[in-house]
Amino acid sequence: MSWDFTGGRGGAGGGRARLPSYVPPHLRNAPVANPYNAAYGYSPYSAVYNAPGYGQYGGGGYVLGGQQDFAPRGRGRRGRGGQRRNEYESSSSPSFADAIAEKFDELEVLGEEEAAGGGGGGINFEAYDDIPVKATGSEVPPPVERFDEIDLGEGLMQNIRRCKYSKPTPVQKHAIPIAVAGRDLMACAQTGSGKTAAFCFPIISTILKNGLNSGPGGTRTVAQPSALILSPTRELSCQIHEEAKKFAFKTGVRIVVAYGGASIQQQLYNLEKGVDILVATPGRLADMIDRGRVSLKMIKHLALDEADRMLDMGFEPQIRKIVQQMGMPPPGQRQTMLFSATFPDEIQRLASDFLKDYIFLSVGRVGSSTGLISQKIELVQDMDKRSHIMKLLHGQKANGKRDLTLVFTETKKGADALEYYLSMSGLPAIAIHGDKVQMERERALRSFKAGVTPILVATDVASRGLDIPNVSHVINFDLPKDIDDYVHRIGRTGRAGKSGLATAFFSDQNMSLAKPLVELMKESNQEVPPWLNEYAKNSSNIYSGGGRYRRYGGGGGGGSRHGGYDDYRNDYSGGGYGGYGGASYGGYDSGSYYGDNGYGGYAAPPAWSGLGGGGGGGYELGTEAVVASGWDM
DNA sequence: CTCCGAT
């Protein structure tokens with residue numbers, strides 16, 4: 001029984017006494033309210049410590065680099081587990097289909113340059129061939145080379161053709177078989193690499209096979225989606241929704257989006273018409289669950305996009321509540337898929353609470369080895385930033401309208417101030433940040449995409465996941481504190497196989513970033529300014545603090561480690577986790593390469609860390625150089 | 001004093 005919305009407290013939940021009871025809207029002002037912020041204080045590590053041993057892992061795993069040929073023994077041994085051949089029909093209500101049909105036509109026109117799906121025109125597939133891929137975990141299903149190697153269902157296959165996705169992108173080749181097999185997945189891959197389709201295809205396919213939700217039931221409907229996709233920003237939820245609708249076109253699978261800042265009435269109305277897949281931001285979803293309008297008890301698939309963001313300090317408690325305390329079936333009874341471009345160990349550890357016997361997949365960024373994004377770091381003090389950006393922008397003013405420049409600032413205020421300054425100086429700029437109402441946010445994004453205001457000044461609200469074609473230049477007016485945020489930001493350019501430029505203003509305030517920045521740049525074959533190298537050397541010990549989730553092993557020269565994150569279950573180099581590691585890994589790596597070493601405080605030589613994919617039975621192809629070349633750049 | 005996410 002899931003969460004009891006109507007009944008008395010206690011009782012029904014059986015052992016779930018801690019669940020907040022439903023409070024009707026008219027009583028919400030009582031001090032009782034907001035069960036979300038307090039009351040469920042959570043100690044992030046407790047659950048991890050108590051986790052059962054990972055005895056089941058260590059069976060499989062592979063590392064691919066360079067060519068796509070696959071180790072024969074891996075393929076033979078595992079076969080094609082998990083593929084079902086059930087017949088099914090896609091039913092669709094005509095009115096719904098018609099409504100979507102219109103939308104589809106629109107999207108088809110707009111979507112011609114979309115990077116996300118992969119196969120579309122203009123994508124440089126050559127660049128896909130030397131992408132490093134690594135999968136670890138037990139019994140990893142082998143990748144496919146073509147969509148039709150997997151029985152995704154006729155309706156979905158048609159849509160894949162409609163979208164002109166001729167061939168899966170690397171993340172799709174690997175993630176789709178894993179997901180279709182019903183396995184849990186933690187995937188490290190940048191948006192723009194086809195991530196959305198990678199989790200949408202298996203979800204839609206499985207829903208079609210298992211039967212659609214019966215539409216609106218009685219008069220009072222509680223929406224019971226069978227899949228939930230969570231994302232950290234409203235705009236990203238919209239983007240996922242738009243894309244998912246294309247994939248579900250005329251299949252009868254209903255997809256609804258829910259996010260804050262927009263009328264909840266319309267969203268509830270959409271839910272009442274029936275929903276199979278709900279795409280949502282956390283706050284609005286919790287609100288709807290609170291109101292008793294959405295129930296998670298039928299969830300079979302859970303996907304977290306930009307998962308590292310969703311699990312960082314600000315978000316993690318909310319996510320944990322939604323996933324663990326609001327009636328969703330536990331791991332093992334649902335499929336959970338986490339996607340992000342960056343996956344620090346700490347986040348992996350938190351995330352493992354949500355997963356069962358999962359596969360860790362790490363896929364390089366398209367063009368990572370060719371350095372599609374050229375990074376320039378300039379030493380500019382805060383007081384000189386404005387005049388400096390003026391020089392830069394005037395220098396590129398001659399560019400055509402479709403060349404867009406995305407400028408990141410640290411604060412919302414800073415974004416507004418810079419927008420004002422640029423506008424006053426005759427440059428067509430517009431700002432986007434979380435203090436603007438949703439309409440303004442959307443207007444800014446549209447205006448930018450259309451080239452009406454080809455300069456967008458943004459906070460980190462725009463740093464992740466958004467797929468904006470033709471961003472040729474990303475300027476870090478203020479550098480972020482965390483190197484991962486930098487990675488996400490510059491990833492807004494260089495998409496769809498196009499080249500991009502990322503310029504950063506490095507000031508005295510950014511010393512703590514010097515070292516990780518230099519490491520990142522070296523791994524992506526960028527030229528590091530000598531002064532920055534000096535800062536990095538001098539600051540390595542002084543400024544060891546900094547990012548929210550710094551990676552450990554800082555001394556190790558990190559060669560193969562940064563950019564592409566490794567499965568933390570395989571990482572024995574983190575001396576910092578001495579006390580923790582030993583117990584909970586338990587039988588995890590019987591037969592591992594490092595087998596007999598106690599890991600408490602054991603430090604592997606730098607050259608080892610990051611390789612050795614997957615405990616026992618892991619195997620690797622390709623050269624170290626490729627593996628080390630920096631995923632997601 | 002970040003940022004984001006509900007009313």
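Every chain is numbered from 1, with letters handed out A, B, ... down the list of sequences. Just so we're clear, the structure is a prediction, and the values are computed from it rather than from any experiment.
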Charged N-O contact under 4.0 Å between K246(A) and E242(A):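 No.
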Just to verify, what does E378(A) make a side-chain hydrogen bond (donor to acceptor under 3.5 Å, both in side chains) with, not counting sequence neighbours?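 Residues passing side-chain hydrogen bond (donor to acceptor under 3.5 Å, both in side chains) with E378(A): H388(A).
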side-chain hydrogen bond (donor to acceptor under 3.5 Å, both in side chains) against K412(A), all qualifying residues, sequence neighbours excluded: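 Applying side-chain hydrogen bond (donor to acceptor under 3.5 Å, both in side chains) to K412(A) gives D435(A).
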Please state how far atom [atom1] in [X] lies from atom [atom2] in [N], giving the value in whole angstrom units.
X: Q438(A); N: dA6(B); atom1: CD; atom2: P; answer: 9 Å
X: R489(A); N: dT2(B); atom1: CZ; atom2: C1'; answer: 10 Å
X: E316(A); N: dG5(B); atom1: CD; atom2: C1'; answer: 14 Å
X: H433(A); N: dC4(B); atom1: NE2; atom2: P; answer: 8 Å
X: N476(A); N: dT2(B); atom1: CG; atom2: P; answer: 19 Å
X: Y259(A); N: dC4(B); atom1: OH; atom2: P; answer: 17 Å
X: R284(A); N: dC4(B); atom1: CZ; atom2: C1'; answer: 15 Å
X: L304(A); N: dC4(B); atom1: CG; atom2: C1'; answer: 15 Å

Flag this pair as yes if the NZ/CZ of R386(A) is under 6.0 angstrom from the six-membered ring centre of Y421(A) and inside a 45 degree cone about the axis; otherwise no.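 The answer is yes, since R386(A) meets both limits relative to Y421(A).
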Taking 4.0 Å as the cut-off, does a side-chain nitrogen or oxygen of [X] come that near to OP1 or OP2 on [N]?
X: T281(A); N: dA6(B); answer: yes
X: K412(A); N: dC4(B); answer: yes
X: R464(A); N: dG5(B); answer: no
X: R291(A); N: dT7(B); answer: no
X: T459(A); N: dT2(B); answer: no

What's G314(A) touching, base or sugar-phosphate or nothing? Going by heavy atoms closer than 4.0 Å.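 Contact class for G314(A): base.
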Is the base of dC4(B) touched by the side chain of R234(A) through a donor-acceptor pair closer than 3.5 angstrom?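 No pair found.
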For the side chain of R284(A) and the backbone of Y259(A), is there at least one donor-acceptor N/O pair under 3.5 Å apart?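 Yes; judged by distance alone, with no hydrogens or angles, the pair exists.
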When you measure from the side chain of R309(A), which nucleotide among dA6(B), dG5(B), dC3(B) comes out closest?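 The closest nucleotide is dC3(B).
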